[in-house]
Each structure stands twice: as structure tokens, then as C-alpha cells.
Amino acid sequence: MPIDTSKFFDSIRIKPKKAAARQPAVAREAVPCQWPDCKNKGTHRAPKGRENAREYWQFCLDHVREYNQSYNFFSGMNAEAVARYQKDALTGHRPTWKMGANTAKRGTGSAEGDLSGASDPFSVFAEINGRGSWRPGPEAAPKAETRKVFNAERKALQVMGLGPDATLEEVKVKYKALVKQHHPDANGGDRSTEDRLIEIIKAYNYLKTVVRA
């Protein structure tokens, strides 16, 4: 059935657009052109000037064209003031500062010193292994070794999870703990850590020949 034959067709109402509802009555009603001695309707707006940015003249089409041709936003400003205005316009005429001009006290130069007073409720900056201080980065000076450690020995110690100053007794204790942890018999026959166990055994066999008691 066509909609225009329905008994409900005449009851349909269309809500006015919100923008039109908010539009002031003076804008909907054409006002006279504000150009001197002009009797036409002022259907076009033109800005009054830099100091009155939110105020407008109401002109007819011919006079708004004539007004725009002679309009100069920077009228009354010298070249220096124009250049300063254009520069400020890049930041929306909001105040700006140079980098570091309004910062707090200068940093100490180290990560630990700069973060010593930082709020850390979730321990983001805390040491992963439990120490409550900042962990030095790779650029920090390495810990001095008490004896000369060659690359092969250093790699074997890393496999065992030991430091360069570990004694032979510490190597043996660590070896027993790692074998017990990774042996298939201790994991219900699971052989997924077998490769890791082989690395541990090789590292131990090497370390017990070079590490001092």
C-alpha cells in the first residue's frame, strides 16, 4: 500500500534540525545591508577586524565583495608585530618554553640517582631479582673479576647460573640442583628439558677442571 494513502501519513511529524533550532532569530531574518546608503538585504557576513574577531558586519553580495578586497587583518601593525603574530599562530597563540627551561632539579646523570625519588607503586623500576635498587644498564661498569676468566669458562658459568668468582664446591652444589631439576626421571619421564640437561653436564665437566677449589 503506498505510504501517502495510509491513514497515519498525515500524523507524521519531522523534528526540526538542532542547528536550525539553535540559530538566532536575527540570523534567520535578513537584516538591511550595513553599507552606507545601501537598501539591499545584508545576507553576507564580514569580520569587523582583528580586535573584534567575533563581531561581523552584514553586507549585501556586492558590498561584501568590495569590503573583502580592501580588508587587511594586519592593518595598524608594523612588520615586526606581523612576524611575531605569525610565529605565535603556529602554536595557537599559547605560551611555550624552551626544552628544559621549566624542569625540576637537574638529573644526577645516572639512572639510579634520577629515579631515587620517583614514585614506584608497582615496582616497575625495581630490580627483577628482588633488590630494591635500579638495575644498571649495559653501559654501567662491569664488576671487577677476582681472576682472569676465559670465554669458554664464562659461558659454562652462565649455563650453570654462576658468577666468575664461584668456587668448585659451589659448582658441585649447583650441578646437583640443576640435574635434579631437569632430569627426566624427576619430571615424570618428560624429556623436553633433555637438551638443557646435556648443556649442564658439559658445562660441569669443563668447570671442574678449571675452577679452583
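These numbers come from a predicted model, not from an experiment. What's counted below: heavy atoms across the whole structure, side chains too, no hydrogens, waters or symmetry copies.
- Residues Pro184 and Leu197 are in side-chain contact: their nearest non-hydrogen atoms beyond the backbone lie under 4.5 Å apart.
- Cluster membership check: Leu61 does not share its hydrophobic cluster with Tyr56, using side-chain heavy-atom separations under 4.5 Å among Ile, Leu, Val, Met, Phe, Trp and Tyr.
- Here the side chain of Tyr67 pairs a donor or acceptor atom with the backbone of Pro47 at under 3.5 angstrom.
- The hydrophobic cluster containing Tyr204 does not contain Val173, counting ILVMFWY residues as joined when their side-chain heavy atoms lie under 4.5 angstrom apart, directly or transitively.
- Nearest approach of Leu157 to Gly163, heavy atoms of both residues: CD1-O, 3.6 Å.
- With hydrogens and angles ignored, the 3.5 Å screen pairs no side-chain donor or acceptor of Gln58 with any backbone N or O of Gln34.
- Expressed to the nearest 0.5 Å, how far CG of Asn78 lies from CZ of Arg84 amounts to 7.5 Å.
- Separating the SG atom in Cys33 from the NZ atom in Lys39 is a distance of 10.5 Å, to the nearest 0.5 Å.
- Across all non-hydrogen atoms, the minimal contact from Leu178 to Met160 is CD1-O, 3.7 Å.
- Of all the heavy atoms in Val159 and Glu199, the pair that sits closest is CG1-O, 3.8 Å.
- Between Trp35 and His63, the ring planes lie parallel to each other; the angle is under 30°, not in the 30° to 60° tilted range.
- Of all heavy-atom pairs spanning His44 and Cys60, the tightest one is ND1-C, 4.2 Å.
- Note that the OG1 atom of Thr167 and the CG atom of Leu162 stand 9.0 Å from one another [nearest 0.5 Å].
- What you find for Tyr206 and Ala156 is that their closest heavy atoms are CD2-CB, 4.1 Å.
- Once rounded to the nearest 0.5 Å, the distance linking CH2 of Trp57 with OH of Tyr71 reads 12.0 Å.
- Counting heavy atoms from C-beta outward, Glu66 and Asp62 have side chains that stay 4.5 Å or more apart.
- Follow the hydrophobic side-chain contacts under 4.5 Å out from Ile198 and you never reach Tyr175; the two are in separate clusters.
- Atom NZ of Lys48 sits in a crowded spot, with more than 12 heavy atoms from other residues, nucleotides or ligands closer than 6.0 Å.
- Taking both residues in full, the closest heavy atoms of Phe59 and Val64 are given as CB-N, 3.7 Å, listed atom of the first, atom of the second, then distance.
- How far CD of Glu170 is from CG of Leu168: 10.0 Å, rounded to the nearest 0.5 Å.
- In this structure, NE2 on His183 lies 8.5 Å from CD on Glu194, to the nearest 0.5 angstrom.
- Judged by distance alone, the side chains of Arg65 and Asn68 never bring a donor and an acceptor atom under 3.5 Å apart.
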